[in-house]
**Student:** 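Dropping the structure in here first, questions after.
Just so we're on the same page: letters track the sequence lines, and every chain starts at 1.
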Amino acid sequence: MTTFSDLGLSQKVLTAVTDAGYTIPTPIQAGAIPPALQRRDILGIAQTGTGKTASFVLPMLTLLEKGRARARMPRTLILEPTRELAAQVAENFEKYGKNHKLNVALLIGGVSFDEQDRKLERGADVLICTPGRLLDHCERGKLLMTGVEILVIDEADRMLDMGFIPDIERIAKLIPFTRQTLFFSATMPPEIQKLADRFLQNPERVEVSTRSSTATTVTQRLVATHSKDYEKRAILRDLIQKQEELKNAIIFCNRKLDVAELYRSLSRHGFSVGALHGDMDQSSRTKMLAGFKDNAITLLVASDVAARGLDIPDVSHVFNFDVPIHAEDYVHRIGRTGRAGRSGAAFTLVSKRDTKFVDAIEKLIDKKIEWLNGDLSALPAPMESHESSKPERGGRDGKRGGRRNDRDRDYAPRPVHSHKSDTKSDDIPAAVTTVAALEPVIAKAEPVRSERKAETKPQNAGRHSNRPAPQPYPANDDNRDRRNRYRRDQDDGPTPVGFGDDIPAFMLIAGKA
DNA sequence: AAAAAAG
């Protein structure tokens, strides 16, 4: 059997790999590392979760042992489509490069130039970038690309989706023709093949069998719903609480605004929740992701920024709050669970308007997905918003006399505290008109909530009831439009309010994880 | 019907 020591890697690299606990390379690593070490170009066709990152990081480390970086002349360059992916690759260099003294510079948007400039000035052996920020540095004249010996283009198909290809071409033109190029893509549509033909010279093609579209260890279910968000949120809450083995979950929405809204809703309902989307400021993105990885946050509401590539191990559940518009995104999203042969569950909320997207998904994965509680034809009449400010309607009192079905719970009128702040504002200073101005109010309220820790009931995963009510703006969704009007001006998405550096204890799951 | 990335 092939081991890492058979691949031609340097001793320093091997030691770090062994220390990290690995002995057997994955297929993409076994296939790509030896030719990469011989300075061959590589065309790697592999998805995330296949060990792709190490398949370029390890040979790069070995090759970089010869030579030294010069100021403003990086020796190698890695291009990634998202900031999080770039940061993740940088972590890999830290981990496997611990026996090397290499300068690694992470050039991504959303953070200040100063530190990046300093690193470049010092001379970077490895530059890990998102395209926009790299070009920005180049245009500022801080960077000379003529010393780049190795170029890595990662997730090329996603770069294409995101319209980065012109940027990539511009960058590639700045780099000497004699470079070695390592090119990775999960899929090989014709445009990507053409791109590869242009960028690569006589490449070694390494293809690892794509995870057969969706892993068989993942239980997939469709959940019928009407299209109203309050109904979808209620169904989602119920679904989450019914899960017995929920360790952590990513909840995908199609739009950033919906990510922000669902995040607020879930946190108001006392769930341990974070959010991730591209309009959030970078420090919040980083914090949220770190909190989720550390299990400080159980639920992560995310846009498709989190669908691909991010290495979040052990996600037990994926919930699609919205059906993805592009069928491939479904595969990527539910690929966040059931990794490495573990079991996982993926639930997708489906309303009538989503059926054509579901059809496309089923066609792509070549199988029918079962409904959890009957399909759309079995759907009862739309539920009314419990969050409505109107008094109770017939049959919908706390005991729920009227229509009953599996879904019909948790739509009882909210406990008083949800409505209380409706009555306008003991909590909201009259002058406050923007969400930004409200945030400190939330933050201030936070310690109060922490003190209530002793009262929390741990039996529900991620859920904590009897929460006190620091509602800085109405929980009542009839007020949503008003809020959104504020929000639209400056929607940074959710900030991890009140969790600064540590998450209040009551937000952690007590009891079974 | 969207998201991502440069400000």
Side-chain angles (χ1 to χ4, degrees), chain A residues 48 78-89 106-114 116-117 127-143 153-171 185-186 225-229 232 250-263 275-282 284-286 288-289 300-310 320-333 336 348-361 488 490-493:
Chain A
T48 33
I78 300 169
L79 294 170
E80 295 288 337
T82 68
R83 299 170 186 173
E84 277 76 12
L85 275 172
Q88 198 170 283
V89 172
L106 180 62
L107 306 188
I108 59 176
V111 294
S112 101
F113 281 93
D114 297 354
Q116 296 179 358
D117 282 342
L127 223 51
I128 305 167
C129 316
T130 48
R133 182 54 71 96
L134 174 66
L135 286 169
D136 215 339
H137 277 284
C138 290
E139 280 154 16
R140 288 155 35 111
K142 294 283 185 181
L143 205 46
I153 299 167
D154 199 13
E155 304 259 332
D157 51 352
R158 197 170 178 206
M159 300 263 205
L160 178 77
D161 287 349
M162 291 167 63
F164 284 170
I165 298 305
D167 286 349
I168 303 295
E169 307 225 31
R170 277 174 66 200
I171 292 164
S185 189
T225 174
H226 294 281
S227 59
K228 289 276 192 246
D229 279 355
K232 291 171 75 174
I250 304 182
I251 304 165
F252 285 103
C253 299
N254 285 355
R255 293 180 303 188
K256 290 178 283 206
L257 214 64
D258 295 328
V259 169
E261 187 165 322
L262 182 57
Y263 163 80
L276 189 68
H277 68 68
D279 279 356
M280 288 164 56
D281 67 78
Q282 191 56 39
S284 302
R285 285 169 69 163
T286 308
M288 290 290 188
L289 194 56
L300 185 69
V301 187
S303 69
D304 280 314
V305 68
R308 307 191 198 187
L310 286 189
N320 289 312
F321 188 75
D322 298 309
V323 179
I325 293 164
H326 292 299
E328 323 81 85
D329 287 334
Y330 178 84
V331 178
H332 289 294
R333 287 179 181 187
R336 312 296 354 185
T348 301
L349 302 195
V350 180
S351 71
K352 211 166 174 186
R353 62 175 70 167
D354 302 318
T355 48
K356 59 178 178 297
F357 301 122
V358 173
D359 291 345
I361 290 166
R488 218 152 273 146
Q490 64 120 66
D491 184 28
D492 272 357

**Student:** Checking side chain to side chain contact (heavy atoms under 4.5 Å, CB included) between A:Leu143 and each of A:Leu134, A:Asp136, A:Leu135, which is the one that passes?
**Tutor:**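 Going through the options one by one, the only one that passes is A:Leu134.
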**Student:** Would you give the length of the straight line joining atom CG of A:Leu300 to atom CG of A:Leu289, rounded to the nearest 0.5 angstrom?
**Tutor:** 7.0 Å
**Student:** Going 5' to 3' along DNA chain B, which are the first and last nucleotides with any atom under 4.0 Å from a heavy atom of chain A?
**Tutor:** B:dA1 to B:dG7
**Student:** Report, one line per pair, each donor and acceptor closer than 3.5 Å where one atom sits in a side chain of residues 163-170 of chain A; sequence neighbours left out.
**Tutor:**
residue	atom	partner	partner atom	Å
A:Glu169	OE1	A:Arg198	NH1	2.7
A:Glu169	OE2	A:Arg198	NH1	2.8
A:Arg170	NH2	A:Glu139	OE2	2.8

**Student:** Looking at A:Ile128, A:Leu127, A:Leu85, A:Leu106, which hits side chain to side chain contact (heavy atoms under 4.5 Å, CB included) with A:Ile78?
**Tutor:**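 Going through A:Ile128, A:Leu127, A:Leu85, A:Leu106 one by one, the side chain to side chain contact (heavy atoms under 4.5 Å, CB included) with A:Ile78 is satisfied by A:Ile128 alone.
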**Student:** With a 4.5 Å limit on heavy-atom distance, are the side chains of A:Thr82 and A:Arg158 in contact?
**Tutor:**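 The answer is yes, as the side chains (C-beta and beyond) meet within the 4.5 Å cut-off.
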**Student:** Give the residues of residues 130-139 of chain A touching DNA chain B, defined as any heavy atom closer than 4.0 Å, sorted by residue number.
**Tutor:**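 The answer is A:Thr130, A:Gly132, A:Arg133.
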**Student:** Base, sugar-phosphate alone, or nothing: which one does A:Asp258 contact when heavy atoms must sit under 4.0 Å apart?
**Tutor:** nothing
**Student:** Rounded to the nearest 0.5 Å, what separates atom CG in A:Leu276 from atom CD in A:Glu84?
**Tutor:**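 If I round to the nearest 0.5 Å, the distance is 5.0 Å.
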**Student:** Are A:Asp322 and A:Arg255 close enough for a salt bridge, meaning some N to O gap below 4.0 Å?
**Tutor:**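 So A:Asp322 does not pair with A:Arg255 through a salt bridge.
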**Student:** Answer with base, sugar-phosphate or nothing: what part of the nucleic acid does A:Gly110 contact at a heavy-atom distance below 4.0 Å?
**Tutor:** sugar-phosphate
**Student:** Under 4.0 Å, heavy atoms only, any strand: does A:Arg353 hit a base, just the sugar-phosphate, or nothing?
**Tutor:**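 It contacts base atoms.
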**Student:** Using a 4.0 Å heavy-atom cut-off across all strands, classify A:Arg285 as base, sugar-phosphate, or nothing.
**Tutor:** sugar-phosphate
**Student:** Find out whether A:Val301 and A:Phe321 are in side-chain contact, i.e. whether some heavy atom of one side chain is under 4.5 Å from a heavy atom of the other.
**Tutor:** no
